[in-house]
Amino acid sequence: MSDIEQKSIDTAAQEVLKKAEAENIQTVWDRLESQQPQCGFGMLGLCCTVCNMGPCRIDPFGEGAQAGVCGANADTIAARNLARKIAAGASAHSDHGRDVAHTLMLLSAGHTHDYEVLDVEKLKTLAVEFGIDINKPKEQITQELAEKLLREFGRQEGELVFTKRAPKKRQQTWQNSGITPRGIDREIVETLHTTNVGVDNDYKNLIKTGLRCALSDGWGGSMLATDVQDIILGSPQPIRGKVNLGVLKENCVNIVVHGHEPILSEMAVKASNDPELVKLAREKGAAGINLAGICCTANEVLMRHGIAVAGNFLQQELAIITGAVEVMMVDVQCIMPALKEVASCFHTKLITTNPKARFPGVEHIEFHPDKAYEVAKQIIKLGIDNFVNRNKERVNIPKQEMDLVAGFTKEIVFQILGGRYRATYRPLNEAIISGRLRGLAGVVGCNNPKQTHDLFHTTLVKELIKKDVLVLQTGCSAIACAKQGLLIPEAAKLYAGRGLQEICEAVGIPPVLHLGSCVDNSRILTAASHIIEEGGLGQDLSDIPAAGCAPEWMSEKAITIGFYFVASGVYTVFGASPFATLGSHNLTDYLTKGLEGVVGARFEFCDDPIKMAELMIAHIDKKRKALNLKPAMYE
Ligand code: CUV
Ligand code: SF4
């Protein structure tokens with residue numbers, strides 16, 4: 001394998017990496033190299049900076065110091081560090097949820113006219129869940145719901161409303177272990193409180209706090225983000241799209257949206273079709289305005305509008321290095337600070353839009369829901385004006401682009417499986433019970449330059465579908481597999497086992513279903529709850545023959561997702577280092593074994609995608625056996 005093939009399996013990425021090398025532009029891979037060797041204490045989770053008596057570190061070989069200045073040992077330090085990461089991850093997704101709920105509030109009060117209630121059905125479903133009488137005007141329902149949703153963040157008593165969506169038995173498990181999430185903000189604050197110097201010193205109790213915090217994201221902030229986005233931006237429907245750097249167009253003004261919150265990128269979609277702006281682009285010599293996305297905001301506009309995806313996390317710099325991007329507009333999360341430097345090598349204008357996320361010296365055009373469309377137009381106009389500054393000699397757009405189908409929600413998947421007129425989970429459950437489908441897998445999460453870009457995602461997913469496991473995806477993982485052609489119906493014939501193939505062909509779906517962005521992992525939780533409700537596959541989420549995996553994760557958000565999967569009863573495999581906990585054998589043991597006795601599921605850490613698939617399949621088969629189901633039909 002050449003050096004570049006080590007970095008990425010994606011030939012489009014490889015091509016741009018060669019260009020970067022030739023033009024001496026640093027990328028994330030170069031910076032990873034210059035970080036070597038990375039800090040050993042950090043990798044083992046044995047470095048503590050919680051108070052000013054430190055920083056402290058524990059000697060992993062048992063010879064030097066075994067306690068920090070305050071007396072904290074390896075277990076306490078590693079567990080505290082981990083719990084703080086869970087809180088940070090939960091805060092990111094949940095703050096996103098808050099902004100979306102706030103937009104719903106502004107809309108209901110008439111303070112923004114750029115959004116409207118598009119999914120009235122879903123509005124009413126949520127209203128009922130929140131105990132709102134729906135026999136009143138839509139406007140009033142919206143306002144009451146927005147108020148109640150926002151109150152979930154600061155809730156001081158009771159439990160998060162969405163936890164009631166979980167099967168009874170799961171709710172009971174949460175009660176018994178004391179991890180039923182209360183207010184979203186409360187769980188995050190409590191995690192920060194208890195990880196302060198000299199508060200909680202019991203690693204198991206710290207993890208308990210972390211589990212509750214993670215649940216407040218999965219069954220709170222993230223779930224709320226997903227559902228409210230569906231309400232105000234429309235619920236996705238299966239839709240075709242294109243993916244990879246080849247979606248950038250040489251003859252067009254290329255605008256790239258990158259980040260997470262679709263309330264901004266939605267407006268960019270609308271503005272890119274504005275006749276006045278399109279006319280302006282033509283006047284500047286472009287054929288039109290081409291909008292493409294990176295990371296989760298890309299998934300959001302893909303799911304709802306079929307907007308092209310330029311790439312996943314590790315392709316953000318590469319998109320700019322094509323030399324063809326006029327504007328990259330960013331909001332929050334997963335936006336590399338390096339973008340400023342990379343953009344400065346080209347004519348590309350990097351524009352920040354969120355008051356929470358700025359770069360010194362980078363143009364900031366602040367986004368507000370009350371003048372959303374106006375701001376989006378302003379940014380796109382900057383891109384149009386910038387088109388003339390493009391240096392044509394430095395433009396190299398790789399040709400690679402792949403088709404995909406996205407837009408699968410918990411509602412849609414099962415409408416399709418159940419036939420056009422009857423939305424039911426019965427056929428899905430039957431398929432699993434009969435063994436035509438071996439089980440389900442959620443494969444999600446980021447990229448990480450420590451691993452060959454996209455290799456783990458695609459190798460793992462191919463292996464799973466080959467063994468008749470239907471794969472549900474979100475985030476950068478979905479983009480990785482889409483680029484390799486796994487998200488088209490035709491992929492069933494090429495890669496899926498016979499059972500999965502039969503199902504895909506009967507209903508015309510791909511063997512790998514794209515459920516959206518990272519907050520849409522909540523769709524997996526609700527889908528799983530419906531499966532239990534439908535019957536025949538046990539009483540609890542942990543009974544379903546299913547497993548989760550984040551093979552190339554990097555963000556704290558991925559850790560949080562992992563924790564709410566496990567807390568929801570889903571066996572979950574993580575690639576790369578075990579959350580930097582290896583320095584505490586007790587903690588690692590607890591995560592990979594002990595948790596089973598608390599929440600009925602546990603973590604596994606593994607650094608080989610084929611092995612990951614084997615682990616997940618072994619788990620699925622174990623669950624089939626426990627349910628007294630026949631083995632998979634086509635072994
Ligand atoms: Ni929120 S969190 S790199 S964009 S999946 Fe992509 Fe998804 Fe990880 Fe970030
Ligand atoms: Fe050191 Fe304890 Fe302070 Fe951490 S909390 S830095 S271990 S003294």
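Indexing begins at 1, ligand by ligand and atom by atom, following the structure's order.
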Task: Distance below 2.8 Å from atom 8 (Fe) of ligand 1: protein N/O/S atoms - done: C446 SG
Task: Name of the residue among N447, N448, V28, L318 meeting side chain to side chain contact (heavy atoms under 4.5 Å, CB included) with H453 - done: N447
Open item on the list: For atom 1 (Ni) of ligand 1, give me the closest N/O/S atom belonging to H260, just the atom name.
Closed with: NE2
Task: Check: Y564 ring centroid to W219 ring centroid under 6.0 Å - done: no
Task: Contacts of S555 that satisfy side chain to side chain donor-acceptor pair (under 3.5 Å) - sequence neighbours left out - done: none
Open item on the list: Taking atom CD as the centre, does E341 end up with more than 12 heavy-atom neighbours from other residues, nucleotides or ligands that are less than 6.0 angstrom away?
Closed with: no
- [ ] State whether D230 and R523 are salt-bridged, where the test is any N-O pair (Lys NZ or Arg NE/NH1/NH2 against Asp/Glu carboxylate O) under 4.0 Å.
- [x] yes
- [ ] Please determine if K7 and D454 form a salt bridge, counting it only when a charged side-chain N lies under 4.0 Å from a carboxylate O.
- [x] no
- [ ] Run through ligand 2 for me and note each protein residue having a heavy atom under 4.0 Å from it, chain first, then residue number.
- [x] C48, V50, C51, M53, G54, C56, G68, V69, C70, I77, R80, V197
Open item on the list: Going by ring-ring contact (aromatic ring centres under 6.0 Å, His included), name the residues that satisfy it together with F563, two or more places apart in sequence or in a different chain.
Closed with: F579, F603
Task: Check ion pair R84-E556 (N to O, under 4.0 angstrom) - done: no
TODO: Determine, for E190 against R212, whether the closest basic-nitrogen to carboxylate-oxygen distance falls under 4.0 angstrom.
DONE: yes
Task: Within 6.0 angstrom of H193 NE2, more than 12 heavy atoms from elsewhere - done: no
